[in-house]
2 protein chains.
Amino acid sequence: MTSKPSGMVDHLNAEQWGKLSPLMMHHGHFAPGDIVSHRGDLLDHSLLLLDGLVARKVPRGQRARSTVVALQFPGEFVDLHAFPLKKLDHDVVSLTGTSVARIAHDDLHHLLNGDVELARKLWLMTLVDASIHRHWVMRNSAMRALARVANFLCEYDARMTAAYAGERDSLPFSLRQSDIADATGLTSVHVSRTLRDLREHGCCSVSGGQLAIHDRAGLHKMGMFDAAYLYMPQSGTAL
Amino acid sequence: MTSKPSGMVDHLNAEQWGKLSPLMMHHGHFAPGDIVSHRGDLLDHSLLLLDGLVARKVPRGQRARSTVVALQFPGEFVDLHAFPLKKLDHDVVSLTGTSVARIAHDDLHHLLNGDVELARKLWLMTLVDASIHRHWVMRNSAMRALARVANFLCEYDARMTAAYAGERDSLPFSLRQSDIADATGLTSVHVSRTLRDLREHGCCSVSGGQLAIHDRAGLHKMGMFDAAYLYMPQSGTAL
DNA sequence: CGCCTCCTTGAGTAGCTTCAAATTATGTGG
DNA sequence: CCACATAATTTGAAGCTACTCAAGGAGGCG
């Protein structure tokens, strides 16, 4: 039995989780760098991330680094959009050691046929992904490196906090600077310099697989961060 | 009675359109610059775009220009994601004179309760939007100005062609250069220079409200364009 | 015609990239 | 546990891309 993770799946109530979780008996594991699914694969199941970090990547030629177009945290579906779409436009890559619960599309199909409200909740969860995509478009199009990286780290903080229920001043952080670069549209060299700037501003520091947040308010200000676009289940934000 | 537009709604079959269209008796019009709905508004209906162009914009302070995070073409829903989300994270702005068909969420709710397949089709249409968002993240993060604008124009061409069924070498184009700038994360000055480059390369030219495509293959190459991410209904592409 | 908006062009510069090398972390086998 | 190999980060210097500021031109509309 899969115990209910926090985070995105908090959009589901206990009854809804009670219906969904029995369909996710098969658990799986991936190592850092494993490709969970390839662009264009025909998928017959989706995965709920239980632990670790997964990226959606768009490959760009063999020489260039691929772009990270999305990041998934524990409690989020990694590829729920494959249920209606069947084939994805991007790769799904495990960035850390990850653990996932698998749900077959056939099972999901039958379950959702009998529960319109649950279907709408899953729809909503994919729409929150889309809202985050829009924010990434804005961030990578309209923000300068310092604000961009700060905002990225704010989002990491917020989603990680939601996933592991409870705000901390130091969180596990297993992204490499080149991962941040791929997600923010910068070079890893410039990410390095930008993280130094954030450190020297007294906002936060990344080292030893930990993100230490020294001044959350300052970091939010520097990244012009407003969490509304994350549509957090239990938050009382404006949206 | 709303006659079925081409484009995104081609994902629906005739029967499904037959069920949906009677709910869209109210038609509306907007002028260029009209704000169709504001960020955070509580929405009780969604709009299908019949003619014109609509942008989803994230406002960024009062001084700076707002970022265009998405563009909607005829045959696409402008804010279908408001059905599950209720409140949106962005403004919806009419860029041209537009005509829309309105569908109340209550009506949609009842219709979808009785038709799981139709519900899944509408879900799918919002997921295509999300796929396009991901492409925009990639484009604005990883492409240089020339490729970026070329790719943007390729997308415009493809979606416009789908909306008005039939490939043409000259299409109506009512975006200003500052709109292209807001959508691509460039300045309007640089868009002007970039369009000149594309013109001098013999790819395409924008003038008098028309986009003239002189060398579609060359434009696609310059923008590294692959339409798979658009999940066109009747296309036989790999995805 | 005069006004306003949009587009174009030029000059100077900031921000980020590229390339390359040095330094520090991480992991592995003996 | 150390020595080594590999991967990740940091720093420096030089260059290019795109931005900013500013002025001039073109077109549309009252």
Side-chain angles (χ1 to χ4, degrees), chain A residues 31-33 53 55 60-61 63-65 67-68 95-97 139-153 172-201 204-212 222-223, chain B residues 31-33 53 60-61 63-65 67-68 95-97 139-153 173-201 204-212 222-223:
Chain A
L53 237 44
R60 320 187 335 91
R63 189 151 290 277
R65 296 194 62 89
T67 305
V68 173
L95 292 182
T96 67
R139 181 166 62 208
N140 291 2
S141 302
M143 289 179 139
R144 287 287 146 90
L146 190 65
R148 203 188 289 183
V149 172
N151 189 283
F152 176 85
L153 294 176
F173 190 88
S174 41
L175 294 176
R176 292 165 304 175
Q177 296 189 357
S178 58
D179 294 322
I180 302 176
D182 293 344
T184 54
L186 302 168
T187 58
S188 63
V189 172
H190 204 64
V191 167
S192 174
R193 299 191 221 270
T194 306
L195 287 177
R196 169 168 51 71
D197 290 350
L198 285 172
R199 197 182 325 122
E200 289 172 355
H201 275 90
C204 64
S205 56
V206 177
S207 71
Q210 294 278 315
L211 167 63
M222 189 149 282
Chain B
L53 237 42
R60 325 186 333 91
R63 187 151 294 276
R65 296 192 62 89
T67 305
V68 172
L95 293 182
T96 68
R139 181 166 63 209
N140 291 2
S141 302
M143 289 178 139
R144 286 289 149 87
L146 190 64
R148 202 188 289 184
V149 172
N151 189 282
F152 176 85
L153 295 176
F173 190 89
S174 41
L175 294 176
R176 293 164 303 175
Q177 296 190 354
S178 59
D179 294 323
I180 303 177
D182 293 344
T184 54
L186 301 167
T187 58
S188 63
V189 171
H190 203 64
V191 167
S192 173
R193 299 193 220 268
T194 305
L195 287 177
R196 171 168 51 72
D197 291 350
L198 285 173
R199 197 183 325 121
E200 289 173 356
H201 275 89
C204 63
S205 57
V206 176
S207 72
Q210 293 278 314
L211 167 62
M222 188 148 281

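Here is how names work: the chains are called A, B, and so on, in the same order as the sequence lines, proteins then strands, and each is numbered from 1.
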Protein and nucleotides 23-25 of chain D: nitrogen or oxygen contacts under 3.5 angstrom:
none

Item to complete: Check whether any side-chain heavy atom of L195(A) lies under 4.5 Å from a side-chain heavy atom of L153(A), and answer yes or no.
Response: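 Side chain of L195(A) against side chain of L153(A), heavy atoms only: contact under 4.5 Å found.
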Response to the item:
Counting only Watson-Crick and G-U wobble pairs with both atom distances below 3.5 Å, the stems of 3 or more consecutive pairs that include DNA chain C are C:1-5 with D:26-30, C:8-30 with D:1-23
Mind calculating the distance between [atom1] ([X]) and [atom2] ([N]) to the nearest angstrom?
| X | N | atom1 | atom2 | result |
| --- | --- | --- | --- | --- |
| M143(B) | dT17(D) | CE | P | 16 Å |
| D179(B) | dT5(C) | CG | C1' | 13 Å |
| L95(A) | dA7(D) | CG | C1' | 16 Å |
| F173(A) | dA8(D) | CZ | P | 14 Å |
| R65(A) | dT17(C) | CZ | P | 13 Å |
| H190(A) | dT18(C) | NE2 | P | 12 Å |
| D182(B) | dC6(C) | CG | P | 11 Å |

Of all the heavy-atom pairs spanning [X] and [Y], show the shortest one and how long it is.
| X | Y | result |
| --- | --- | --- |
| F173(B) | Q210(B) | CB-C, 3.9 Å |
| G223(B) | N151(B) | O-ND2, 2.7 Å |
| T96(A) | S174(A) | CG2-OG, 2.9 Å |

Discussion item. Output one letter per nucleotide in nucleotides 7-13 of chain C: B when a protein non-hydrogen atom lies under 4.0 Å from the base, S when only the sugar-phosphate is that close, - when neither is.
Written reply: SSBBB--
List the residues meeting side-chain contact (heavy atoms from CB on, under 4.5 Å) with [X], not counting sequence neighbours, and say none if there are none.
| X | answer |
| --- | --- |
| P32(A) | none |
| R199(B) | R196(B), S205(B) |
| A55(A) | K57(A), V68(A), L71(A), L95(A) |

Item to complete: Look at the side-chain N and O atoms of T187(A) and state whether any lies under 4.0 Å from the OP1 or OP2 oxygen of dC16(C).
Response: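 For dC16(C), OP1/OP2 do not have a side-chain N/O of T187(A) under 4.0 Å.
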Worksheet item: Do any of residues 144-153 of chain B sit with a heavy atom less than 4.0 Å from DNA chain C, and if so which?
Response: R144(B)
Side-chain donor-acceptor contacts of residues 180-194 of chain B below 3.5 Å, not counting sequence neighbours, with atom names and distances?
| unit_1 | atom_1 | unit_2 | atom_2 | d |
| --- | --- | --- | --- | --- |
| D182(B) | OD1 | R65(B) | NE | 3.0 |
| D182(B) | OD2 | R65(B) | NE | 3.1 |
| D182(B) | OD2 | R65(B) | NH2 | 3.0 |
| T184(B) | OG1 | I180(B) | O | 2.7 |
| T187(B) | OG1 | H190(B) | N | 3.2 |
| T194(B) | OG1 | H190(B) | O | 2.6 |

Discussion item. Once you apply a heavy-atom cut-off of 4.0 Å, does G185(A) come out as touching a base, just sugar-phosphate, or nothing?
Written reply: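 Sugar-phosphate contact only - G185(A) comes under 4.0 Å of backbone atoms but never of a base.
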Fill in: All side-chain hydrogen bond (donor to acceptor under 3.5 Å, both in side chains) counterparts of N140(B), not counting sequence neighbours
S141(A)
Worksheet item: With sequence neighbours excluded, what pairs up with R148(B) under the side-chain hydrogen bond (donor to acceptor under 3.5 Å, both in side chains) test?
Response: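 Counting only residues at least two positions away or on another chain, R148(B) forms no side-chain hydrogen bond (donor to acceptor under 3.5 Å, both in side chains).
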Worksheet item: Nearest nucleotide by nearest heavy atom, which residue falls closer to the 5' end of DNA chain C, L186(A) or G208(A)?
Response: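 Comparing both residues, the 5'-ward one is L186(A).
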